*Asks:* 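Quick one: structure below, then a few questions.
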Amino acid sequence: MPEQEEDLQQIEKKWQKKWEEMGLFKTGFNKDGEKCYVLSMYPYPSGVLHMGHVINYTIGDVIVRYKLLNGFDVLTPMGWDSFGLPAENAAIRTGQHPHDFTEKNIATMTRQMTRAGWGFDWDREVATSHNDYYRWNQWFFLKFYEKGLAEKKTAPVNWCESCMTVLANEQVKDGTCERCGSAVIQKDMSQWFFKMSQYSQRLLDGHDKLRGNWPESVIAMQEEWIGRSEGAKVVFKVKETGDELPIFTTRPDTIFGVTFMSLAPEHPLIEKLIADSPDKEKIMAEVKAMRASGTSAKDLADKEKVGVFTGCHVINPVNGKEAQLWVANFALMSYGTGAVMAVPAHDQRDFEFARKYDIPIKIVIQPEGETLNPDEMTEAYTAPGIMINSAQFDGKVNTESMSDIITWIADSGFGEGTINYRLRDWLISRQRYWGTPIPVIYCPDCGTVPVPESDLPVLLPTDVVFKGDGNPLETSESFVNCTCPKCGAAAKRETDTMDTFVDSSWYFLRFCDPKNTNAPFDKELLNKLMPVDQYIGGIEHATMHLIYARFFTMVLNDLGLIDFDEPFKRLFCQGMVCKTAYRCDNCKWLYIDDVEFENEEAKSKTGGTVGKCKKCGKDGVSAEMTKISKTKLNIVDPDKMFDRVGTDAVRLYMLSDAPPDRMQVWSESGLNGAWRTISRLRLTVDEWLESGNLSGESTVAASTLDQQNNDLLRKTHQCIKAVTEAIEGGFHFNTAIARCNELLNLLRQLMGAKSDIDGRVARVVIETILRILCPIIPHLSEDMWEKLGHNKSIFTSGWPEADEELAKESTIEIPVQINGKVKARINIAPDADIKSMQNIALADSRIKELTDGQNIFKVIAVPGKMVNLVVKG
RNA sequence: GCCGGGGUGGCGGAACGGCAGACGCGAGAGAUUCAAAAUCUCUUAUCCAUUAGGGUGUGCGGGUUCAAAUCCCGCCCCCGGCACCA
């Protein structure tokens, strides 16, 4: 560990100041270069920097610096996602105003982020809780409203009892609140929505542009979330009441097999259907029980299928047959039409339901050469087969007849072919204070009136009370009471605020023009700077932020405000930071210091038992590699790490072990290794400077060198080539670092052997390593670069170029195999032809010996790779 | 169940048709030191011979090929996402 921590921090500060002075991270630094917008997801200002931020912003910063070295004009902004619940909860707890709480946290985190040395253009900083930002949320809302894309409607919504607010579908995980983990209930409420479902198909189509540049998994998650399915809408009629009951099905081929129909418990028609039933009360009680039984994943998964017969029947339009009409707990009001035609023979859910309630099962699809018997079936038959009992479709293969059936249904007036999406409208209302007020006024005479553009922003009032029971905004008289902009009558203001995902749906646009007071941004500036060339963030935003932002961008494009419809050209998702956590059966999670390891090896184990608990003495403490978290007592404080080894060593370690999209394992000893690597590099520079043998020249002709120096020079160019490919091929910084280590090891080995290294070659080697590693260890690279006599920043030195000629080997060693097993090695010219390779291989003494008296059937030679002899005894 | 990503030494990982284990961590031995830390050198997949060499090895079972961790077929396991979606 470093002895000169003071020194390290001085060096870091010195160079951060220098970069600031030279405007390294300002747009226009490489003003003739092609633009490159590198964006790391902005943080919520929690007040504490955690390792997730560190990996995210380190990757972003390395890319920024790499692009700068490659001559790009880089845009690297940063800001704050500063509206949201934690500030408000803190206000309820401590009485501190959310604004003060937020500003304090922003100040703390700015300090931490600056200290980390991440290159952001702070002149472009935005905070979404400032009214010069959120006023434009309101402005966009008005535009959406004009276009009919913002709408207030009463709908069953997700309500979190603990957060006291509604949640968007995307914010409900396994039936619990994504934020606080408590149960989410369904409630009918009148709420504001953005009509995102209208964009389902476009969101899906847009993926074609992103494929190859976005992680496959994120695209897959979005596709799943949007949930397109093709099928048909068919209108059934209720025999008893004459009501029309449309259903959506993806299996119109089974429509002749309908034996009952399921309605969602929330279906609006239920009350009317059972109005005349003698069992009315009883049925309604069961329906209510179904509605009440939770929506949490656990409930759903183990929930048995239950239902109640309404006493009514539906008429199947295709054959006029009657079928019982049931209410069933597995039918969802939120998908399709809330009514499902049930074909128990060919759908597993319907099958289970029919068996339970003794409803007939009718076969309409038969596996080829078999005859299904409804009484003996143990599960639904869902594979392809031959249609039977299906009128004119009998004898056809169901999967091939799908479109014919849909055409027939449409032509006969029974329904139509249709596409259904799982994606629903985006609920943006939140019953909270710390967010953007929705700019709407309710007038007793004029109804819902949008706030005129000229009256924006609608500011958050300060005369509010935070008690924790309901929306604090409602406690502000000055806010709620207003006059109608249309007629001047006394009116009430909307007290719902916007989901904070509205803020993050366009912050990347504001970064292009952060100070604009006349508009959210200037279109021409956006045309120059957008789209984001490289976006970096966590995968947890796959179906929330990344869908909302794409939707928002498409709407702004339709409104003519921007000229592109996909905001993020390339997306990179970093892996989680994990660390071994220890657990004792008695004492639960343990700090590593409370574990008595059974042996040295146990210290590096990432699973199984490792030793004794120091607290209670119990044996069998288990180790587990898991995401860093407070509860598992395996957190790492970035600030402490920076103090101990400096930010560069932390950065180097974060990137050196695994590719950055994989899980990162945090270990103290690994960090020490990174520190050692840096120390060796610094030592090497110092030794050369002290020796006085280092040349001032950094160009050297290979022809003037002896073999050893020539070799060193060649390895240097091979290193440049390999590193460039590793970075361009998907940010494989781990192998890039490994290549530099190899080169440094080689140099130090020669130095140790007191070899006669040419001073010019030494300079080339050292400077190449520094120029390659400077995006990763920027402060110390600059420091060494300066020591080597440079008076301009290393970041103006450009990315080193590999000289293909110099990188070429004069001879290479390749293996000679006999029947696929390596038996000897030979030296050949890298461009030796097959014939000469064969000759050299066959002339090798060891090969001669081994093939003596054998028949050589075949000699395979792959130029530049290997020779294989096929031999039989 | 479906979708995505994985399974390689004690550990993180490299190689992605052509020498398996780069680089780093850990461990062992030695050098230096009064001593420790730091640093440096060597060893480190495994088994047999241990001098030379030989066998076995990339989750499991098959296949293609002169050659497979890599390609194909069939399984198993781990991580992440979705899941009564009609």
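The chains referred to below are lettered A, B, ... by the order of the sequence lines, with proteins before strands, and numbering in each begins at 1. These numbers come from a predicted model, not from an experiment.
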*Asks:* Nearest-Å distance, CH2 (A:Trp225) to P (B:rG81)?
*Replies:* 13 Å

*Asks:* One thing to verify: whether A:Glu624 and A:Lys579 come together as a salt bridge, which I'm taking to mean a side-chain N less than 4.0 angstrom from a carboxylate O.
*Replies:*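 Between A:Glu624 and A:Lys579 there is no salt bridge, as every charged N stays at least 4.0 Å from the carboxylate O atoms.
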
*Asks:* Around A:Lys715, counting heavy atoms of other residues, nucleotides and ligands shown, do more than 12 lie under 6.0 Å from its NZ?
*Replies:* yes

*Asks:* Nearest whole Å is fine: how far is B:rC42 P from A:Arg748 CZ?
*Replies:*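 Going from CZ in A:Arg748 over to P in B:rC42 covers 13 Å.
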
*Asks:* Between B:rG5 and B:rG9, how far apart are the two C1' atoms, rounded to whole Å?
*Replies:*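 About 23 Å, rounded to a whole number of Å.
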
*Asks:* So which protein nitrogen or oxygen atoms get under 3.5 Å of nucleotides 16-21 of chain B's nitrogens or oxygens?
*Replies:*
| from | atom 1 | to | atom 2 | distance (Å) |
| --- | --- | --- | --- | --- |
| B:rC19 | O2 | A:Arg825 | NH1 | 2.3 |
| B:rC19 | O2 | A:Arg825 | NH2 | 2.8 |
| B:rC19 | N3 | A:Arg825 | NH1 | 3.2 |

*Asks:* Looking at A:Glu809 and A:Arg714, does any basic side-chain N land under 4.0 Å from a carboxylate oxygen?
*Replies:*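 A salt bridge is present here (some side-chain N lies under 4.0 Å from a carboxylate O).
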
*Asks:* Which one, B:rC23, B:rC85, B:rG13, comes nearest to the side chain of A:Arg349?
*Replies:* B:rC85

*Asks:* Between A:Ile270 and A:Ala264, what is the shortest heavy-atom contact and its length?
*Replies:* CD1-O, 3.4 Å

*Asks:* What nitrogen or oxygen pairs link the protein and nucleotides 44-46 of chain B at under 3.5 Å?
*Replies:*
none

*Asks:* Looking just at side-chain N and O atoms, do A:Trp326 and A:Gln324 make a donor-acceptor pair shorter than 3.5 Å?
*Replies:*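 Yes, A:Gln324 and A:Trp326 have a side-chain donor paired with an acceptor closer than 3.5 Å.
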
*Asks:* What's A:Lys823 touching, base or sugar-phosphate or nothing? Going by heavy atoms closer than 4.0 Å.
*Replies:* sugar-phosphate

*Asks:* Would you mind reading off the distance between A:Phe330 atom CZ and B:rA86 atom C1', rounded to a whole angstrom?
*Replies:* 9 Å

*Asks:* For a quick check of understanding: with a heavy-atom distance under 4.0 Å over all strands, which category does A:Arg846 fall into, base, sugar-phosphate or nothing?
*Replies:*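 Sugar-phosphate: the residue A:Arg846, judged by heavy atoms under 4.0 Å, touches backbone atoms but no base.
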
*Asks:* For the P atoms, the ones on B:rU43 and on B:rA52, what distance do you get once it is rounded to whole angstrom?
*Replies:* 14 Å

*Asks:* Counting side-chain heavy atoms from CB outward, which of B:rG13, B:rA86, B:rG81 is closest to A:Val340?
*Replies:* B:rA86

*Asks:* Could you tell me whether A:Glu742 and A:Arg739 make a salt bridge, using a distance below 4.0 angstrom between a side-chain N and a carboxylate O?
*Replies:* yes

*Asks:* Is A:Arg422 near enough to B:rC82 that one of its side-chain N or O atoms lies under 4.0 angstrom from OP1 or OP2?
*Replies:*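 For B:rC82, OP1/OP2 do not have a side-chain N/O of A:Arg422 under 4.0 Å.
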
*Asks:* B:rC25 phosphate, OP1 or OP2: any side-chain N/O from A:Arg676 under 4.0 angstrom?
*Replies:* yes

*Asks:* Just compare B:rG24, B:rG4, B:rA86 and give me whichever is closest to any side-chain atom of A:Ser229.
*Replies:* B:rA86

*Asks:* Applying a 4.0 Å non-hydrogen cut-off, can you work out what A:Ala331 is touching in the nucleic acid: base, sugar-phosphate, or nothing?
*Replies:*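 Base contact - A:Ala331 has a heavy atom under 4.0 Å of at least one base atom.
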
*Asks:* Quick one: label A:Ser667 by what it contacts on the DNA or RNA (base, sugar-phosphate, nothing), any heavy atom closer than 4.0 Å.
*Replies:*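 The answer is nothing, as A:Ser667 stays clear of every strand by at least 4.0 Å.
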
*Asks:* Taking the side chain as every heavy atom from C-beta outward, state whether A:Phe351 and A:Val343 have any pair of such atoms under 4.5 Å apart.
*Replies:*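 They are not in contact (no side-chain heavy atoms under 4.5 Å apart), so the answer is no.
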
*Asks:* With a 4.0 Å cut-off on heavy atoms, is A:Lys821 in touch with a base, just the backbone sugar-phosphate, or nothing at all?
*Replies:* sugar-phosphate

*Asks:* CE of A:Met221 versus P of B:rG80: gap in Å, rounded?
*Replies:* 11 Å

*Asks:* Which of these nucleotides, B:rG13, B:rA83, B:rA86, is closest to any side-chain atom of A:Tyr335?
*Replies:*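 In terms of side-chain proximity for A:Tyr335, the closest of B:rG13, B:rA83, B:rA86 is B:rA86.
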
*Asks:* Quick check for you: among B:rC23, B:rG4, B:rA14, whose closest atom lies nearest to any side-chain atom of A:Asn734?
*Replies:*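 Nucleotide nearest to A:Asn734's side chain: B:rA14.
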
*Asks:* Could A:Asp844 and A:Arg846 be called an ion pair, given the rule that one side-chain N must be under 4.0 Å from one carboxylate O?
*Replies:* no

*Asks:* Should the ring pair A:Phe330 and A:Phe353 be called parallel, tilted or perpendicular, given that the plane angle runs from 0 to 90° and is split at 30 and 60?
*Replies:*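 Aromatic pair A:Phe330/A:Phe353 classed perpendicular.
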
*Asks:* Any carboxylate oxygen within less than 4.0 angstrom of a Lys/Arg side-chain nitrogen, looking at A:Arg682 and A:Glu687?
*Replies:*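 No, this pair does not count.
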
*Asks:* Does a side-chain N or O from A:Asn329 land closer than 4.0 Å to OP1 or OP2 of B:rC84, or not?
*Replies:*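 For B:rC84, neither OP1 nor OP2 has a side-chain N or O of A:Asn329 closer than 4.0 Å.
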
*Asks:* Reckon A:Pro215 touches a base, only the sugar-phosphate, or nothing at all at heavy-atom distances under 4.0 Å?
*Replies:*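 No contact at all - A:Pro215 keeps every heavy atom at 4.0 Å or more from the nucleic acid.
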
*Asks:* Could you check whether A:Gly227 gets within reach of a base, just the sugar-phosphate, or nothing at all, counting any heavy atom under 4.0 Å?
*Replies:* nothing

*Asks:* Determine the Euclidean distance between corresponding P atoms of B:rU70 and B:rU8; express it in Å to zero decimal places.
*Replies:* 14 Å

*Asks:* Quote, to the nearest angstrom, the C1' distance that separates B:rC77 from B:rC71.
*Replies:* 23 Å

*Asks:* Under 4.0 angstrom, heavy atoms only, what part of the nucleic acid is A:Glu224 near: base, sugar-phosphate, or nothing?
*Replies:* base

*Asks:* Using atom CG of A:Leu652 as one end and atom C1' of B:rC23 as the other, report the distance to the nearest whole Å.
*Replies:* 11 Å

*Asks:* Map every base of RNA chain B to its dot-bracket character, where paired means a Watson-Crick or G-U wobble contact with both distances under 3.5 Å and | marks a partner outside the strand.
*Replies:* (((((((..(((.....[....)))((((((.......))))))((((....))))..(((((..]....))))))))))))....

*Asks:* Under a 4.5 Å cut-off applied to non-hydrogen side-chain atoms, are A:Trp225 and A:Ile547 in contact?
*Replies:* yes

*Asks:* Write down the distance separating the P atoms in B:rC82 and B:rG74, rounded off to the nearest Å.
*Replies:* 28 Å

*Asks:* If you measure from the C1' atom in B:rC73 to the same atom in B:rU64, how many Å do you get, rounded?
*Replies:* 11 Å

*Asks:* Consider only side-chain N and O atoms of A:Ser197 and A:Asp425, and report whether a donor and an acceptor are under 3.5 Å apart.
*Replies:*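 Side chains of A:Ser197 and A:Asp425: pair found under 3.5 Å.
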
*Asks:* Using heavy-atom distances to pick each residue's nearest nucleotide on RNA chain B, tell me which of A:Lys858 and A:Met341 is more 5'.
*Replies:*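 With A:Met341 and A:Lys858 compared, the 5'-side residue is A:Lys858.
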
*Asks:* Say we look at B:rC48 and B:rA67: how far apart would their P atoms be, to the nearest angstrom?
*Replies:*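 That atom pair is separated by 30 Å.
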
*Asks:* Quick one: does A:Leu652's side chain get under 4.5 Å of A:Trp675's, heavy atoms only?
*Replies:* no

*Asks:* Would you check if there is a donor-acceptor pair between the side chains of A:His545 and A:Arg550 at a distance under 3.5 Å?
*Replies:*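 Looking only at side-chain atoms, A:His545 and A:Arg550 do not form any donor-acceptor pair under 3.5 Å.
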
*Asks:* For A:Asn745, answer base if it contacts any base atom (sugar-phosphate contacts may also be present), sugar-phosphate if it contacts only those atoms, and nothing otherwise; contact means non-hydrogen atoms under 4.0 Å.
*Replies:* sugar-phosphate

*Asks:* Quick one: A:Ile847 CD1 to B:rC66 P, roughly how many Å, whole number?
*Replies:*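 It is 20 Å, rounded to the nearest whole Å.
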
*Asks:* If you find the nucleotide of RNA chain B closest to A:Thr677 and the one closest to A:Asp350, which residue's nucleotide is nearer the 5' end?
*Replies:*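 Taking each residue's closest nucleotide, the earlier one in sequence belongs to A:Thr677.
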
*Asks:* Does B:rG62 fall in syn (glycosidic angle within 90° of 0) or anti?
*Replies:* anti

*Asks:* A:Arg739 near the nucleic acid: base, sugar-phosphate alone, or nothing, with a heavy-atom cut-off under 4.0 Å?
*Replies:* base

*Asks:* Using the P atom as the point on both nucleotides, what is the distance between B:rC85 and B:rC3, in whole Å?
*Replies:* 15 Å

*Asks:* Would a 4.5 Å heavy-atom cut-off, applied to side chains only, mark A:Lys821 and A:Lys823 as touching?
*Replies:* yes

*Asks:* What is the distance from CG of A:Asp661 to C1' of B:rG6, rounded to the nearest Å?
*Replies:*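 Distance, rounded to whole Å: 12 Å.
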
*Asks:* Using atom CE of A:Met625 as one end and atom P of B:rC25 as the other, report the distance to the nearest whole Å.
*Replies:*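 The distance from CE of A:Met625 to P of B:rC25 comes to 17 Å, rounded to the nearest Å.
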
*Asks:* Identify which nucleotide among B:rC23, B:rG12, B:rC84 has an atom closest to any side-chain atom of A:Lys305, counting heavy atoms from C-beta outward.
*Replies:* B:rC84

*Asks:* Compute whether any side-chain donor of one residue and acceptor of the other, for A:Ser836 and A:Asp833, lie under 3.5 angstrom apart.
*Replies:* yes

